[in-house]
Amino acid sequence: MIKLHPPLPTSFYEKQTLDLAQALLGCVLWKETEEGLAGGIIVETEAYKGPEDRAAHSYNNRRTKRTEVMFGPSGNAYMYTMHTHNLFNVVSGPIDKPEAILVRGIEPYYNQELMRKRRPNVKTPYQMTNGPGKLTKALGITLQDYGHTLKEPPLWISHKPKEFMSFSIKSGPRIGIDNSGAAKDYPWRFWIDNNKYISR
DNA sequence: GTCCTGATAGACT
DNA sequence: GTCTATCAGGACC
């Protein structure tokens, strides 16, 4: 699988964050664990643009143990715990520009059986991965992956498979950030139109 | 729609 | 040490 779907190179991540958020749509997110390898198509993302974005953890350049990885180079994993769930983000922006992209939804692409095993009790296939906390559980992504590069196993992102080369992208306000002033209205959420694995 | 769960970092005393 | 908010999810109505 790694030979068929090699990691995207450093140059892929050297884009404006809003462009990268859209470029990630259709790409495959892979995670290999002791249980096996699983992969899913990224179908929904949200951009968070550091200093000027009140909704971002790195707003006003807040530099802490948690946000530290966002001040580093792009192409690394930023993990964050929300209640009982782990959320996965791709670090974006150059060094000292703390920006990131939250992955909110994936479509199972490889080893759906393993995802189902990790997500018992779901009633429809969509419920396995149609949310930021759900997809990390389905793929087996944990806080251990914080700060890890996305350019080599066990956690990596590969180019769009040919069946996902063409689709239309929609955008709109982000989810769950109601207390962030004007920032809550920024249309920095992107998704693949008509995809069934969008979080809402 | 409402309510409850409950990990972790960060702010505060 | 203690308090509290959080880029949700699930169970319920």
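Order of the sequence lines sets the chain letters (A, B, ...), proteins ahead of strands, with each chain counted from 1.
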| request: Grab the two heavy atoms, one from A:Leu29 and one from A:Leu135, that are nearest each other, plus how far apart they are. | output: CD2-CD1, 4.3 Å

Using a 3.5 Å cut-off and no angle test, enumerate the donor-acceptor pairs between side-chain atoms of residues 157-168 of chain A and protein atoms at least two apart in sequence or in another chain.
from     : atom 1 : to       : atom 2 : distance (Å)
A:Ser158 : OG     : A:Trp30  : NE1    : 2.9
A:Ser168 : OG     : A:Asp193 : OD2    : 3.4

In this structure, how many angstroms lie between the [atom2] atom of [N] and the [atom1] atom of [X], rounded?
X: A:Met70; N: B:dA9; atom1: CE; atom2: P; value: 14 Å
X: A:Tyr146; N: B:dA7; atom1: OH; atom2: C1'; value: 16 Å
X: A:Lys137; N: C:dG10; atom1: NZ; atom2: P; value: 7 Å
X: A:Tyr59; N: C:dT6; atom1: OH; atom2: C1'; value: 17 Å
X: A:Arg62; N: B:dA9; atom1: CZ; atom2: P; value: 13 Å
X: A:Tyr186; N: C:dC7; atom1: OH; atom2: P; value: 16 Å
X: A:Phe190; N: C:dC7; atom1: CZ; atom2: C1'; value: 15 Å
X: A:His57; N: B:dT8; atom1: NE2; atom2: P; value: 15 Å

Contact list for DNA chain C against [range] - heavy-atom distance below 4.0 Å:
range: residues 73-97 of chain A; value: A:Tyr80, A:Met82, A:His83, A:His85, A:Leu87, A:Asn89
range: residues 108-135 of chain A; value: A:Arg119, A:Gly131, A:Pro132, A:Gly133, A:Lys134
range: residues 100-107 of chain A; value: A:Leu102, A:Arg104

| task | Verify the contact: side-chain N or O of A:Arg66 to OP1 or OP2 of C:dT6, cut-off strictly under 4.0 Å; return yes or no. | result | no

| task | Sorted by first residue and then second, give each side-chain hydrogen bond (donor to acceptor under 3.5 Å, both in side chains) pair with at least one member in residues 110-124 of chain A; sequence neighbours left out. | result | A:Thr33-A:Arg118, A:Glu35-A:Arg118

| message | Enumerate the side-chain hydrogen bond (donor to acceptor under 3.5 Å, both in side chains) contacts for residues 84-93 of chain A, please, sequence neighbours excluded, ordered by first and then second residue. | response | A:Thr17-A:Ser92

Can you name the residues that form a side chain to side chain donor-acceptor pair (under 3.5 Å) with [X], not counting sequence neighbours?
X: A:Tyr78; result: A:His57
X: A:Arg174; result: A:Asp53
X: A:Asn195; result: A:Glu107

What donor-acceptor contacts under 3.5 angstrom involve side-chain atoms of residues 2-15 of chain A, with partners at least two apart or in another chain?
from    : atom 1 : to       : atom 2 : distance (Å)
A:Thr10 : OG1    : A:Lys151 : NZ     : 3.2
A:Lys15 : NZ     : A:Phe12  : O      : 2.7

| Where the side chain of A:Glu99 meets the backbone of A:Met70, is there a donor-acceptor pair that is under 3.5 Å apart? | no

| query | In chain order, what residues pass the ring-ring contact (aromatic ring centres under 6.0 Å, His included) check against A:Tyr126, with sequence neighbours excluded? | reply | A:Tyr197

| Given the rule that a pair is Watson-Crick or G-U wobble with both distances under 3.5 Å, how would you write DNA chain B in dot-bracket, using | for pairs to a different strand? | |||||.||||||.

| query | What is the distance from atom CD1 of A:Ile106 to atom OG1 of A:Thr136, rounded to the nearest 0.5 Å? | reply | 9.0 Å

| request: State whether a side-chain donor-acceptor pair under 3.5 Å links A:Gln144 with A:Tyr146. | output: no

| Crowding at CD, A:Gln16 (>12 non-hydrogen neighbours, <6.0 Å) | no

| task | Test the A:Arg63-A:Phe71 pair against the cation-pi criterion, namely NZ or CZ under 6.0 angstrom from the six-membered ring centroid and within 45° of the ring axis. | result | yes

